[in-house]
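Contents: one structure, followed by commentary.
In the text below, chain A, chain B and the rest are named by the order of the sequence lines, each starting its count at 1. Worth saying up front: this structure is predicted, and the values here are computed from it rather than measured. All heavy atoms count here, side chains included; hydrogens, waters and symmetry mates do not.
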There are 2 protein chains.
Amino acid sequence: MHMAPRNDSCKSCPIRHSAVCAECDADELAILEQVKSYRTYAPGEAIASAGEPLDHLSSLVTGCATMSRTLEDGRRQSVGLLLPADFIGRPGRNVSLYDIEAVSEVTLCRFERLQFEKLVRNTPHIAARLLTMTLDELDAAREMAVTLGRRTAREKIASFLVSLARRQSAATKLSVPKAPVVLHLPLSRHEIADHLGLTIETVSRQLTMLRKTGVIGMVDSRDIAIPDFERLQLEAGEDDGTG
Amino acid sequence: MHMAPRNDSCKSCPIRHSAVCAECDADELAILEQVKSYRTYAPGEAIASAGEPLDHLSSLVTGCATMSRTLEDGRRQSVGLLLPADFIGRPGRNVSLYDIEAVSEVTLCRFERLQFEKLVRNTPHIAARLLTMTLDELDAAREMAVTLGRRTAREKIASFLVSLARRQSAATKLSVPKAPVVLHLPLSRHEIADHLGLTIETVSRQLTMLRKTGVIGMVDSRDIAIPDFERLQLEAGEDDGTG
DNA sequence: CGGTTCATTGAGCCACATCAAGAAGTGTGG
DNA sequence: CCACACTTCTTGATGTGGCTCAATGAACCG
């Protein structure tokens, strides 16, 4: 629970143009500068817990986190993978419905809840951006539901790799990853399993199946080579709705 | 594809206080009155199709619809059950990502897309309400992900009944359904199966299991009696995140 | 009445879970 | 530098929840 970098300028912020502040002009940014604060979390550290108060709203600046629910008997399901620019928390609610856990070292750009809610009310650029981001998350959550409900283990793994590759290349401005060569997995097998509603053993087995059939290559257990992205999409049983 | 009631007054609208217009004042309502139009759909009729243009945004006024995706080989997964007050369509996108299908006779209160987007920009009460509703849908979609990914068939069925009972009693202002006695299922076995990532046979079997163990009673195949709501919640493996 | 659709029930099977055992990496202390 | 513990990943053997296939029943309708 260490405080992080003194307030860096928003101008040099890596998520300046993709986070909730993306549409803000210079004046609005100046206000954000005044009320924001950074905080970092170590890998494995809890950022929020289901049912507990969450009195800051934040943007994830660097690192990776998961959002999950654990049932009484220990079954866990991830409901979202948080990457840079993703927003954490819900304006209008001071309790988290999910556990949010840092997977790698995470830096958040935080706003005190009441202050941020006031900003949302008074800053149309923030409200509009927040709406757009929430709608995008909703699409992603529904896509997840299709995967969890109807895809096979193999398709789930392939889908996961595809969506990860897409998000990674979106961050580097290539909307269609032509040859991302190698994809780094931010999650362990266990975390992937929880994300896809599988067990670690099934995740491991399906990854080796994909490797043995040449769909992917494995540099090491966390780095996946994708020689043919379209073939991977095919394995994912993708149906992007444009049919 | 028949046009529905001439423009009824918003004042007598059944979803006046729960739809996207809920927070509007009299002046704002007057504007909505001018640009809205009603349309009804027969049971089974398509309201939108995945990948096809959707040039109206609407509120569902009466009836019930599903939102789903069908994969090439016919596997179908519902990603949402649309009931009165629910919003259909996404501002800023003119294509639907999902099939939306009337399950019963449906009446929509529709707005032409560009007009509505302008309203969102210029009417904070609408923008704020839309954000709140979108955040609620996001919570629901994530809850769905937990159910699809980690609950057993029996728990899925019980969860579904619980959430249906909650939504039904929310519509009638009781936040905790004390004894809703009998719950009407708006969906067929097939539609329930697609909603829960199961087959019709499993849905049928689990319903009879719940009946045989006394958790529910069946008036007929579409009407379920719930003698003890808490017991049903227990069967659902509910973990509402509050502790 | 037959035809059609929807729900239930049974028998058998299979994809994925569970249980169990290595293997490979990583960090710590001597 | 190695020995050891510990964690993560892989692989194999076996079990099972829910799917598939198939038949029957029940409601509706022309």
Trace of the side chain to side chain contact (heavy atoms under 4.5 Å, CB included) decision for B:Leu183 with B:Gln168: CA-CA 8 Å; B:Leu183 176 65; B:Gln168 229 169 252; 3.5 Å; yes

Full working for side-chain hydrogen bond (donor to acceptor under 3.5 Å, both in side chains) between B:Glu201 and B:Ser204: CA-CA 5 Å; B:Glu201 295 94 330; B:Ser204 186; over 6 Å; no

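Side chains of B:Thr62 and B:Thr107: a donor on one and an acceptor on the other come within 3.5 Å. A side-chain donor-acceptor contact under 3.5 Å links B:Arg154 and B:Thr213.
Salt bridge absent: A:Arg222 and A:Asp220 never bring a charged side-chain N and a carboxylate O closer than 4.0 Å. Salt-bridge formation is detected for the pair B:Asp136/A:Arg90: a Lys NZ or Arg NE/NH1/NH2 atom is positioned less than 4.0 Å from an Asp or Glu carboxylate oxygen. The pair B:Asp73-A:Arg150 does not count as a salt bridge, with every side-chain nitrogen at least 4.0 angstrom from each carboxylate oxygen. A salt bridge links B:Glu137 with A:Arg142; the closest basic N to acidic carboxylate O contact falls under 4.0 Å. For B:Glu235 and B:Arg151, the salt-bridge test fails: no basic side-chain N is under 4.0 Å from an acidic carboxylate O.
Residues A:Arg69 and A:Gln77 fail the side-chain proximity criterion, which asks for heavy atoms closer than 4.5 Å. A heavy-atom distance below 4.5 Å is not found between the side chains of A:Leu108 and A:Tyr38.
In this structure, B:Asp223 atom CG and C:dA7 atom C1' are separated by 15 Å, rounded to whole Å. Atom pair B:Arg222:CZ and C:dT5:P shows a separation of 16 Å (rounding to whole Å applied). Remark: P of C:dT8 and CD of B:Gln206 are 12 Å apart, rounded to the nearest angstrom. In this entry the distance linking CG of B:Asp194 with C1' of C:dA7 reads 15 Å, nearest Å. Look at CD on B:Glu201: it is 10 Å from C1' on C:dA7, rounded to the nearest Å. Between A:Arg205 atom CZ and C:dT18 atom P there is a gap of 12 Å when expressed in whole angstrom units. As rounded to whole Å, 17 Å separates atom P of C:dC16 from atom CD1 of A:Ile200. For the pair B:Leu185 CG and C:dA7 C1', the computed distance is 13 Å after rounding to whole Å.
Among C:dC19, C:dC16, C:dT8, the nucleotide with an atom closest to any side-chain atom of A:Leu198 is C:dC16.
Among the protein residues, B:Ser204 comes within range of the nucleic acid bases, having at least one heavy atom under 4.0 Å from a base atom. Among the atoms of the strands shown, only primed sugar atoms or phosphate atoms (P, OP1, OP2) are found under 4.0 Å from some heavy atom of B:Met218.
No option in B:Val79, B:Thr66, B:Leu81 other than B:Leu81 meets the side chain to side chain contact (heavy atoms under 4.5 Å, CB included) test with B:His195.
Nucleotides of DNA chain D with any atom under 4.0 Å from a heavy atom of chain A span, from 5' to 3', D:dC9 to D:dA13.
Taking the screw axis at each terminus of the helix from C:dC1-D:dG30 to C:dG30-D:dC1 from five consecutive base pairs, the angle between the two is 30° to within rounding of 10 degrees.
For C:dT8, the OP1/OP2 oxygens have a side-chain nitrogen or oxygen of B:Arg189 closer than 4.0 Å. Using a 4.0 Å cut-off, some side-chain N or O of A:Thr199 falls inside it from OP1 or OP2 of C:dA17.
Using a 4.0 Å cutoff on non-hydrogen atoms, the parts of residues 142-159 of chain B near DNA chain D are B:Thr152, B:Ala153, ordered by number.
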